Amino acid sequence: TGDYLTSTFKCMIVPQISEKECRFFFDMLCTNDTILNLIEAGKATYAVHIECKYTYYRDLKYSADAKFSVKLDGSLVDQQVEVCPVIIVTEDIVGYTCPDLDDIYAGELIVIKNGNPIAIGNQATIEITKEKDNLKKLSQPFCILPYPDDNPSRPAEKFASIDYTDNNQMIIYLPKDDFAILSRVQNPKNMDTIHAAMYFSALI
């Protein structure tokens, strides 16, 4: 937002979520004529960065058209997806100029490498709510979940609790804020600590 004086780059995102697949419809709007000319000449393209921190899925999807959709298998994403629209150059641009650039770039030789973004739009976080509960499909003995929103008997949970499925699976329910923190630190390096803190105490 600080590089260009008046032009904008925005994206409208419409998700369609089901158990088997997640589809996202994108409608990108760029008002910068210089960048639009690059896209028309095939020197830049629309793209969208999709990332799910819960499943570690991350990918960059490209499109020559401003309106396009992306379809993902439902197993690739869960709970939340972060989506960021970008415009990527498809070849090296040496001496990039644009009448709408901020004066701070005056006299500078601007080089944009192939594959780098020339514009970044508004990032959005999309909630992934699937139709079915996958708990009974899981084979591991433990599962950590946030408290569901549709449980009126638990209006303001502050502590963890334990429940069980018909398949003898132990569910550890956490308050949403705690679950978000746990999701952020969950990686292979920290799994031993998480197992000791969560699973061992649940067993006891």
Side-chain angles (χ1 to χ4, degrees), residues 8-30 35-36 38-39 42-91 113-151 165 167 169 171-174 176-191 194:
T8 59
F9 173 47
K10 299 180 179 179
C11 179
M12 184 176 70
I13 306 170
V14 178
Q16 286 186 357
I17 310 300
S18 69
E19 180 68 18
K20 293 184 178 180
E21 69 177 34
C22 298
R23 193 163 188 171
F24 305 96
F25 295 86
F26 303 101
D27 187 356
M28 299 198 176
L29 174 63
C30 177
I35 296 178
L36 290 175
L38 289 174
I39 295 174
K43 297 180 179 180
T45 185
Y46 296 102
V48 61
H49 181 265
I50 304 175
E51 182 173 351
C52 179
K53 63 183 179 182
Y54 297 102
T55 63
Y56 302 106
Y57 173 82
R58 178 186 294 177
D59 202 359
L60 190 64
K61 303 292 186 179
Y62 300 89
S63 172
D65 300 320
K67 293 184 179 181
F68 63 100
S69 65
V70 172
K71 183 172 66 173
L72 301 177
D73 187 278
S75 63
L76 294 177
V77 295
D78 196 16
Q79 300 189 50
Q80 280 186 348
V81 169
E82 293 181 353
V83 178
C84 184
V86 292
I87 297 177
I88 304 291
V89 298
T90 56
E91 61 180 60
K113 293 290 187 178
N114 178 16
N116 286 349
I118 197 171
I120 300 176
N122 50 303
Q123 180 169 302
T125 300
I126 299 174
E127 300 292 333
I128 304 296
T129 304
K130 298 181 180 179
E131 297 173 354
K132 290 186 179 181
D133 189 344
N134 284 326
L135 282 177
K136 294 183 179 179
K137 298 179 182 179
L138 299 177
S139 59
Q140 62 266 32
F142 296 98
C143 183
I144 302 177
L145 295 174
Y147 282 112
D149 293 326
D150 57 353
N151 191 337
T165 69
N167 296 332
Q169 184 186 47
I171 311 170
I172 304 172
Y173 283 112
L174 296 179
K176 291 186 179 298
D177 290 345
D178 293 344
F179 183 81
I181 294 173
L182 182 65
S183 299
R184 286 196 296 269
V185 301
Q186 182 173 325
N187 59 59
K189 182 175 66 175
N190 297 331
M191 289 312 295
I194 292 174

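Just so you know, these numbers come straight off a predicted model, no measurement behind them. Index from 1, following the sequence.
No side-chain heavy atom of L76 sits under 4.5 Å from any side-chain heavy atom of C52. When side chains are defined from C-beta on, V83 counts as touching F26, because their heavy atoms get closer than 4.5 Å.
The distance from the CG atom of L38 to the CD1 atom of I87 is 9.0 Å, given to the nearest 0.5 Å. Separating the CD atom in Q16 from the NZ atom in K71 is a distance of 11.5 Å, to the nearest 0.5 Å. In this structure, L174 CG and L145 CG are separated by 8.5 Å, a value rounded to the nearest 0.5 Å. The CE atom of M28 sits 9.0 Å away from the CD1 atom of I39 when rounded to the nearest 0.5 Å. Residue K43 holds its NZ atom at 9.0 Å from OG1 of T90, rounded to the nearest 0.5 Å.
Residues satisfying the side-chain hydrogen bond (donor to acceptor under 3.5 Å, both in side chains) test with Q123, not counting sequence neighbours, are none. By the side chain to side chain contact (heavy atoms under 4.5 Å, CB included) test, K61 is found to be paired with V48, I50, Y57, D59, V70, L72, residues two or more places apart in sequence or in another chain being considered. Applying the side chain to side chain contact (heavy atoms under 4.5 Å, CB included) criterion to Q80, with sequence neighbours excluded, gives K53, Y54, T125, E127. Looking at residues two or more places apart in sequence or on another chain, you find no salt bridge (Lys or Arg N to Asp or Glu O under 4.0 Å) involving R23. When the side-chain hydrogen bond (donor to acceptor under 3.5 Å, both in side chains) test is applied to T8, the partners found at least two apart in sequence or on another chain are T31. Looking at residues two or more places apart in sequence or on another chain, you find a side chain to side chain contact (heavy atoms under 4.5 Å, CB included) between I120 and C84, V86, P117. Under the rule for a ring pair (Phe, Tyr, Trp, His ring centres under 6.0 Å), F9 has no partner lying at least two apart in sequence or in another chain. Partners of F24 by ring pair (Phe, Tyr, Trp, His ring centres under 6.0 Å), not counting sequence neighbours: none found. Applying the side chain to side chain contact (heavy atoms under 4.5 Å, CB included) test to V14 and every residue at least two apart in sequence or in another chain returns F25.
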Next on the checklist: If you apply the rule side-chain contact (heavy atoms from CB on, under 4.5 Å), what do you find for I88 with N116, and how did you get there?
Outcome noted: CA-CA 6 Å; I88 304 291; N116 286 349; over 6 Å; no
Checklist entry - Passes side-chain contact (heavy atoms from CB on, under 4.5 Å), K67 versus Y46? Steps please. => result CA-CA 9 Å; K67 293 184 179 181; Y46 296 102; over 6 Å; no
Next on the checklist: side-chain contact (heavy atoms from CB on, under 4.5 Å) for I118 and I35? Distances and angles first, verdict last.
Outcome noted: CA-CA 8 Å; I118 197 171; I35 296 178; 4.2 Å; yes
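When all heavy atoms of V89 and N114 are compared, the pair lying nearest together is O-OD1, 3.3 Å. Nearest heavy-atom pair, L36 versus C30, reported as atom, atom and distance to 0.1 Å: CD1-O, 3.4 Å. Residues C22 and S18 share a closest heavy-atom pair of SG-O, 4.5 Å. Closest heavy-atom contact between P146 and Y173: O-CD2, 3.7 Å.
In this structure a side-chain-to-backbone donor-acceptor pair under 3.5 Å is present from K176 to Y147. N122 places a side-chain N or O within 3.5 Å of a backbone atom of C11 that can act as its donor or acceptor partner.
With no hydrogens or angles considered, a side-chain donor-acceptor pair links D73 and S75 at under 3.5 Å.
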